[in-house]
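Working notes, beginning with the structure itself.
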Amino acid sequence: MRKKLFALVDCNNFYVSCERVFHAHLAHTPVIVMSNNDGCIVARSNESKKFGLKMGQPVFEVEEIIKAHHIQVFSSNYSLYADMSDRVMKILAEFSPRLEIYSIDEAWLDLTPLSLPDLTSFGRQIKSRVYQFTSLPVSVGIAPSKTLAKIAHEIAKKHNAYAGVLDLTALSEQDVDQLLEALPVDEVWGIGMQYAKWLREQGICTVKELKYADEAWIRKHLTVVGQRTVLELRGIACIPLEPEPNAKKGIMTAKTFGREIKSQEELEEAVANYIARAAEKLRSQHSLCSSISVFIQTNRFKKDVPQYSASLTRHLPIPTAFTPDLIKQAREAVRAMYRPGYGYRKAGVYLSKIVPDENLQPDLFGGFSLDVHYKQMRLMAIVDVINKVYGRDTLFLAVQGITRTWKMRQFKLSPHYTTRWDELLSVT
DNA sequence: TCTGGGGTCCTAGGACCC
DNA sequence: TCTGGGGTCCTAGGACCC
């Protein structure tokens, strides 16, 4: 069998790079992008990494550093990033017939069938074409397994000598091992904080040591997932490329509120909105769900006030994607869980037991009519189209509320340059 | 004052069945 | 006093990812 070959292409500091495309003066200056509610740092330019800002760090902890170094700060602008991502992926698709879009800013290419003579120059072509058409910088890692391609990409990104492209297959096994020896074990894809800590306690500190660890012993302690990682480090591809996006098995919408919510009415309103959003996602993948979970919680960071959190799952006799029915269930769940006297900070909904929407069976006992189901689906399809064309929440249910004063904060949002006509970049 | 959101997979253990 | 064994399904919890 032919040896597998993968390329990982990952956009550098993706959210920051997207903002820079439309704010050219921010090149070479420290920039960060914040999470929802402007809470944590989710992207950092290289310049801001130098000031010690960490991924996931709460912004309020580093206000001083931000001020002192004039770091530019942005709220997350997901529609902008999603649109830029689409453009990048379309370009990558030109380089291999088999592409797996792994996240908003990275993709795997299957190079196995391509018989390329010079992989490094192929990687450089990818890099320069993406930059030419989008102004976004990417790094490329090439290797015989996904896990090794990830590592190649990390090295390529960090060390200027590689100019953003590293092909591990061009190196001897000894040279690869030398690189792996210099990397701490937690840099491996699939080894998170818990496993890294445990491995270090067992004397396995570098990627090379993990590569040569006993397979059965790893399997015993890190399950088959860990065993696969070890094999992948040895160049044996165990994780296949998956070009087709799979339908989601669970759909979640959960958000921290912009302020504390005290009343049951507002909590119901927020949850109704999350359901509307989750149901929209459900319909967009042509699915129905028959289980719905709702959770509510107070501010877990406030140690000095009474805490309360609860979750409730309801099973539906007939799978559905009809927003009003789902909202009805969710509101009942909120009413059952709500306790007065608390300041609620976060709520979420989770739709699961998901099935394709063509699988619906008529009810043997006549408690449900397919006619009604199709009518509901047609109505929802119309609502979805209108909201897609005219903007989210052009049409919504009254229980979702009008003012929604609990919504998240986004004080530093840049315009939707690529997805709204009235926010196009203007040159004056 | 201020701490994100949305997923996947694996395993262990209990319920239940024959 | 003795008190099977094997299979399946489901759920909760814990690890991981970006």
Side-chain angles (χ1 to χ4, degrees), chain A residues 8 10-15 32-43 53-64 66 73 75-78 81-82 85 100-108 146-147 150 153-154 185-199 218-229 232 238-239 242 245-260 274 277-278 281-282 285 290-291 293 295 297-305 311 313 315 343 345-354 407-412:
Chain A
L8 175 72
D10 188 308
C11 301
N12 303 345
N13 315 328
F14 181 58
Y15 295 172
I32 59 169
V33 176
M34 301 178 289
S35 64
N36 280 348
N37 266 314
D38 296 345
C40 296
I41 298 172
V42 290
L53 303 186
K54 298 277 177 264
M55 191 72 179
Q57 194 168 24
V59 176
F60 75 87
E61 284 180 10
V62 293
E63 292 289 0
E64 297 293 314
I66 290 171
V73 174
S75 300
S76 286
N77 186 341
Y78 288 110
Y81 310 150
S85 174
E100 176 183 344
I101 298 172
Y102 180 64
S103 74
I104 194 165
D105 72 335
E106 65 191 294
W108 269 290
K146 280 183 166 181
T147 305
K150 272 272 194 190
H153 158 267
E154 280 307 310
V185 73
D186 51 275
E187 302 239 340
V188 178
W189 185 51
I191 302 298
M193 264 185 7
Q194 303 303 315
Y195 285 164
K197 180 167 170 275
W198 184 83
L199 285 168
I218 290 290
R219 180 180 179 133
K220 185 168 167 222
H221 293 99
L222 271 62
T223 79
V224 295
V225 181
Q227 183 187 18
R228 272 202 290 265
T229 300
E232 287 242 322
C238 304
I239 305 170
E242 290 173 22
N246 297 319
K248 303 267 180 284
K249 295 168 181 171
I251 290 173
M252 175 144 70
T253 300
K255 280 184 184 63
T256 306
F257 308 128
R259 59 168 170 81
E260 277 185 3
Y274 298 170
R277 181 77 194 103
K281 293 186 216 168
L282 184 66
Q285 67 165 35
S290 55
S291 173
S293 308
F295 72 84
Q297 57 188 231
T298 50
N299 188 347
R300 64 197 166 101
F301 296 104
K302 264 194 183 172
K303 296 297 176 208
D304 51 340
V305 300
S311 74
T313 300
H315 298 281
R345 196 63 215 290
K346 186 175 183 179
V349 303
Y350 185 69
L351 306 180
S352 58
K353 300 252 168 77
I354 288 176
K407 275 181 72 164
M408 66 180 174
R409 296 181 297 265
Q410 287 183 304
F411 290 134
K412 305 279 187 179

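Below, read A as the first sequence line, B as the second, and so on, with proteins coming before strands; counting in each chain starts at 1. Values reported hereafter were calculated over all heavy atoms of this structure, with side chains retained and with hydrogens, waters and symmetry mates removed.
- When heavy atoms are screened at a 4.0 angstrom cut-off, A/M408 is found touching no nucleic acid atom at all.
- The residue A/V225 sits close only to the backbone: its heavy atoms come under 4.0 Å of sugar-phosphate atoms, none of a base.
- Using atom C1' as the reference point in both B/dC16 and C/dG4, the two lie 15 Å apart (nearest Å).
- Note that the CD1 atom of A/I239 and the OG1 atom of A/T229 stand 6.0 Å from one another [nearest 0.5 Å].
- Annotation: side chain to side chain contact (heavy atoms under 4.5 Å, CB included) contacts of A/S291 (sequence neighbours excluded): A/T313, A/H315, A/S352, A/K353.
- Cation-pi geometry between A/K146 and A/W108 is met: the NZ or CZ atom falls under 6.0 Å from the ring centre, inside 45° of the normal.
- With sequence neighbours excluded, the residues that form a side chain to side chain contact (heavy atoms under 4.5 Å, CB included) with A/K302 are A/E260, A/N299, A/D304, A/V305, A/Q307.
- Residues meeting the side chain to side chain contact (heavy atoms under 4.5 Å, CB included) test with A/Q194, sequence neighbours left out: none.
- In this structure, A/K346 reaches the sugar-phosphate backbone alone: every heavy-atom distance under 4.0 Å involves primed, P, OP1 or OP2 atoms, never a base.
- We find that A/K54 and A/E61 are not joined by a salt bridge, their nearest charged nitrogen and carboxylate oxygen being 4.0 Å or further apart.
- Where A/K248 and A/E260 each meet DNA chain B at their nearest nucleotide, the meeting point lying more 5' is that of A/E260.
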For this session: Using Watson-Crick or G-U wobble pairs with both distances under 3.5 Å, give me DNA chain B in dot-bracket, 5' to 3', with [ ] for crossers and | for pairs to another strand.
Result: ....||||||||||||||
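- Nucleic acid contact for A/R259: none, since no nucleic acid atom lies under 4.0 Å from a heavy atom of the residue.
- Counting any heavy atom pair closer than 4.0 Å across all strands shown, A/K197 reaches no nucleic acid atom.
- A/L222 comes within 4.0 angstrom of nothing in the nucleic acid, heavy atoms only.
- The side chain to side chain contact (heavy atoms under 4.5 Å, CB included) test with A/Y15 singles out one residue from A/D105, A/I32, A/V42, A/N77, and that residue is A/V42.
- A/R277 meets the salt bridge (charged side-chain N to carboxylate O under 4.0 Å, His left out) test with A/E280; sequence neighbours excluded.
- Annotation: of the two residues near DNA chain B, A/K249 and A/N36, the 5′-most nearest-nucleotide partner is A/N36.
- A/E106 comes within 4.0 angstrom of sugar-phosphate atoms only, judged by non-hydrogen atoms across all strands, and of no base.
- A donor-acceptor pair under 3.5 Å is absent between the side-chain atoms of A/Q297 and the main chain of A/K346, judged by distance alone.
- For the atom pair CD of A/Q410 and CG of A/N37, the computed distance is 8.5 Å after rounding to the nearest 0.5 Å.
- Protein chain A contacts DNA chain C from C/dT11 to C/dC18, reading 5' to 3' and using non-hydrogen atoms of the protein with a distance under 4.0 Å.
- A/D105 comes within contact range of the sugar-phosphate backbone alone, with a heavy-atom separation under 4.0 Å but no base atom that close.
- Residue-level contact check: A/V188 touches the backbone only, with heavy atoms under 4.0 Å from sugar-phosphate atoms and none from bases.
- Residue-level contact check: A/R219 touches neither bases nor backbone, having no heavy atom under 4.0 Å from any strand.
- No contact: A/I104 has no heavy atom under 4.0 Å from any strand.
- Contact annotation for A/T253: backbone-only contact, meaning every heavy-atom pair under 4.0 Å involves sugar-phosphate atoms and none involves a base.
- Residue A/G348 is out of contact with every strand shown, counting any heavy-atom pair closer than 4.0 Å.
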